[in-house]
Amino acid sequence: MKKELLLGNHAITRALYEAGVEVVSSYPGTPSSEITMNCAAYKGTGMYAEWAPNEKVGMEVAIGASIAGARAFSGMKHVGLNVASDPLYTASYSGVNGGLVFAVADDSGMHSSQNEQDSRNHAIGAKVPMLEPADTGECLEYTKLAFDMSEEFDTPVLIHLTTRICHSQGIIEKSERVVKNKEPYKKNLHKYVMMPLFARAKRVMVEERTNKLIEYAETSPLNKIEMNSDEIGIITSGVAYQYAKEALGDKASYLKLGIVNPLPVNLILGFAAKVKKLYVVEELDPVIETHCRSLGLNPIGKMPNGREAPIFSNIGEYSQNIIREAILGEKISFKEFPEAIPVRPPVLCAGCSHRGVFTVLNKLGVVVSGDIGCYTLAATPPLSAMDMQICMGAGISMAHGFVKARPDYADRTVGLMGDSTFVHNGITSLIDIAYNRSNTLTLLLDNRTTGMTGGQNHPGNGLDIYDDPAPEVDFEALIKSIGISKVKTLSPDNLSEIESVLKEYLTLTEPAVIIFSKPCALTKGVKHNPALTCDANKCTGCKICMKVGCPALTMKDKKAVVNKTLCVGCKICSQLCKFDAFN
């Protein structure tokens, strides 16, 4: 065996390989992306991996592979599990043939997400077991065990991750890949066809399985008691366990839960009886605390307990300091950095292919129904060119609804999304516009990649997960095939052309689409133009160039200055300058 320092996500990838997984299908989503991305490194080993158009498709691919008898996996972030919840809840009924495991990564603190969500609620709702590793080594251990549990209990198993577990590093011990013989496939309508007649019987099975899993959780080594002091008892799981241990040390005893659904009963009651004061430390929702209260316990945590006020919030990430101050009333001392660190606001990258489009949208003052992706950064000043944004695929749908409710805004409203998002679930939104004859203008920002999650390939850029050539969706042909005839493809760098075409298409009384196509500036293989310079003698300091929000531009001594290490020569700024200062 060989030791290696890995990210939590990479440890899960390694576990998939060692557990003999044969099919992996996912859609990228931070903080889970690296799990499947790293699977490409195992090409030729018998572990097939792919990027799916969205999380629902990825999960369904894995379910099909499991029914065929192979071990299979799909990974996603928390909002991705919302998309995949439809197959999850029914796969709980049908069960598995080969081991079936899904990983879901919650983003406590919303580092890269539009909402904060506790995916343990999905495990409870779907009635499937969920394991929660607390470090990189457990990412490897728990994922491998999850496949054994899946096959033993005939159920999909969820692995619950958080940003800190996904992206922190730890040492793991590598083992050889062990591939089980595929389970034979047998036609079984009662098991795999969930029509009401068969599903009713499976519903009973799900409850029976839950009772067996509770019994398993009572004695499983994944749930561990660490007795130190009998003054304070902490029931916790995942990264919150790490914070609690660092904050409290031997001043507390711990019940660390590796199985967070279903939760044990007697183990928790026994631990509670050994300590004088019981706390529950868990990020986001009070899932464990609610369970403890259902058992008649009265722990201190997020909820009023009749004697003491809540000491923890269900918002954001925890830290060692938060826990230590809440329980012991003490603060951990930190060394203060004497100098103020400059704030770097989130902005579109220098040379971003979206900058020109948003510059014109801002100028025209249109209502912009946006979507999930890099272009969300255009909502903030100085571009300030987005009015609403909810979830993947909603940019088009919301624009349609907005125009139907306010026809007087039809000539000044656009819906937009990126190419990967369009494939994810924007196509159906556009079909809705075409089918219902909405005079809504859609902008497709095609930067040839899945940008915000790290530049992964997708069905619209002609490359698969291994960077091998793959069939490429022809966006123009697809859009025309659903009944939209007014389609135009433009470069996003020509501001005058963008403005002219936008004005023309906003006056149309039929569905229309403009595709702005240019590769992301960070995509490997993209060749950039030479960096621009600003002639200080011509620059008047009017700052109109600063309205594009390019990080390569700054002002010094009341003159515009170009950072040549960032500039890629897109010339958006030069098109705005009325004094020809940029060259």
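A donor-acceptor distance shorter than 3.5 angstrom exists from the side chain of E116 to the backbone of G109, with no hydrogens or angles considered. Between the E55 side chain and the M76 main chain, no donor and acceptor come within less than 3.5 Å of each other. Looking at T380, its side chain does come within 3.5 Å of a backbone N or O of L377 through a donor-acceptor pair. A donor-acceptor distance shorter than 3.5 angstrom exists from the side chain of D371 to the backbone of A394, with no hydrogens or angles considered. With T143 contributing its side chain and C139 its backbone, the two residues share a donor-acceptor pair below 3.5 Å. No side-chain donor-acceptor contact under 3.5 Å links S420 to the backbone of T450. A distance-only check finds a donor-acceptor pair linking the side chain of N362 to the backbone of L383 [under 3.5 Å]. D419 places a side-chain N or O within 3.5 Å of a backbone atom of R448 that can act as its donor or acceptor partner. When atom types are taken as modelled, the side chain of Y142 and the backbone of I12 share no donor-acceptor pair closer than 3.5 angstrom. Between the side chain of S429 and the main chain of G393, a donor-acceptor pair closer than 3.5 Å is present.
Counting only heavy atoms from C-beta outward, the side chains of N461 and Q456 never approach each other to under 4.5 Å. Residues Q117 and N82 meet the side-chain proximity criterion, which asks for heavy atoms closer than 4.5 Å. Two residues are said to be in side-chain contact when any heavy atoms from C-beta on lie closer than 4.5 Å; E476 and T489 meet this criterion. V101 places a side-chain heavy atom less than 4.5 Å from the side chain of I159. M417 is not listed as a side-chain neighbour of H424, based on a closest heavy-atom distance of 4.5 Å or more. No side-chain heavy atom of R355 sits under 4.5 Å from any side-chain heavy atom of C570. Considering only heavy atoms from C-beta on, H167 comes within 4.5 Å of E34 through its side chain. Counting heavy atoms from C-beta outward, Q114 and I390 have side chains that stay 4.5 Å or more apart.
Counting heavy atoms of neighbouring residues, nucleotides and ligands inside a 6.0 Å radius, atom NE2 of H190 does not exceed 12 of them. R203 CZ: more than 12 foreign heavy atoms inside a 6.0 Å radius. Within a 6.0 Å sphere centred on NZ of K202, other residues, nucleotides and ligands contribute more than 12 heavy atoms. The 12-atom threshold is exceeded at NZ of K404, counting heavy atoms of other residues, nucleotides or ligands nearer than 6.0 Å. Within 6.0 Å of NZ in K518 there are more than 12 heavy atoms belonging to other residues, nucleotides or ligands. Heavy-atom contacts from other residues, nucleotides or ligands closer than 6.0 Å to OH of Y435 number 12 or fewer.
In this structure, a donor-acceptor pair under 3.5 Å is present between the side chains of N494 and S496. Neither side chain, D107 nor H78, offers a donor N or O lying under 3.5 Å from an acceptor on the other.
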Verdict with reasoning, S112 to T30, per side chain to side chain donor-acceptor pair (under 3.5 Å): CA-CA 7 Å; S112 58; T30 307; 4.6 Å; no
Worked verdict on L416 versus F516 for side-chain contact (heavy atoms from CB on, under 4.5 Å): CA-CA 11 Å; L416 63 80; F516 296 98; over 6 Å; no
Intermediate values then yes/no, side chain to side chain donor-acceptor pair (under 3.5 Å), T449 and N447: CA-CA 6 Å; T449 190; N447 67 354; 5.8 Å; no
Step-by-step side chain to side chain donor-acceptor pair (under 3.5 Å) determination, E283 to S108: CA-CA 8 Å; E283 288 186 337; S108 309; 3.2 Å; yes
Residues V57, V61; criterion side-chain contact (heavy atoms from CB on, under 4.5 Å); working and verdict: CA-CA 6 Å; V57 172; V61 170; 4.2 Å; yes
From CA spacing to verdict: side-chain contact (heavy atoms from CB on, under 4.5 Å), K191, F198: CA-CA 7 Å; K191 181 171 174 59; F198 302 148; over 6 Å; no
Verdict with reasoning, N9 to N38, per side-chain contact (heavy atoms from CB on, under 4.5 Å): CA-CA 9 Å; N9 279 347; N38 201 48; over 6 Å; no
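Note that CD of E499 is 11.0 Å distant from OG1 of T359, once rounded to the nearest 0.5 Å. Between the NE2 atom in H10 and the SG atom in C166 there is a gap of 10.5 Å [rounded to 0.5 Å]. Distance check: I165 CD1 to L7 CG gives 11.5 Å after rounding to the nearest 0.5 Å. Taken from NZ in K127 to OG in S92, the straight-line distance is 8.5 Å, to the nearest 0.5 Å. Rounding to the nearest 0.5 angstrom, the gap separating the CG atom in L16 from the SG atom in C39 is 5.5 Å. Taking CG from L502 and CD from E504, the interatomic distance works out to 10.0 Å, rounded to the nearest 0.5 Å.
By the 4.0 Å N-to-carboxylate-O rule, D464 lies too far from K43 to be salt-bridged with it. Taking a cutoff of 4.0 Å between a charged side-chain nitrogen and a carboxylate oxygen, E132 and R120 do not qualify as a salt bridge. K486 and E510 are not joined by a salt bridge, as no carboxylate oxygen comes within less than 4.0 angstrom of a charged side-chain nitrogen.
Among all heavy-atom pairs drawn from N97 and Y192, the shortest one is CB-OH, 3.4 Å. Across V526 and P519, no two heavy atoms sit closer than the pair CG2-CB, 3.8 Å. Closest heavy-atom contact between A62 and A72: O-CB, 3.3 Å. The minimum heavy-atom distance between P459 and P53, with the atom names listed, is CG-CG, 4.3 Å. Across all non-hydrogen atoms, the minimal contact from Y185 to I67 is CD1-O, 3.4 Å. Pairing each heavy atom of G351 with each of V568, the nearest pair is CA-CG2, 3.2 Å.
Cation-pi geometry between R412 and Y409 is met: under 6.0 angstrom from the ring centre, within 45 degrees of the axis.
Under the rule for a side-chain hydrogen bond (donor to acceptor under 3.5 Å, both in side chains), the partners of S438 that lie at least two apart in sequence or sit in another chain are H400, T440. With sequence neighbours excluded, no residue forms a side-chain hydrogen bond (donor to acceptor under 3.5 Å, both in side chains) with N314.
Counting only residues at least two apart or on different chains, the ring-ring contact (aromatic ring centres under 6.0 Å, His included) pairs with a member in residues 345-366 are H354-Y375.
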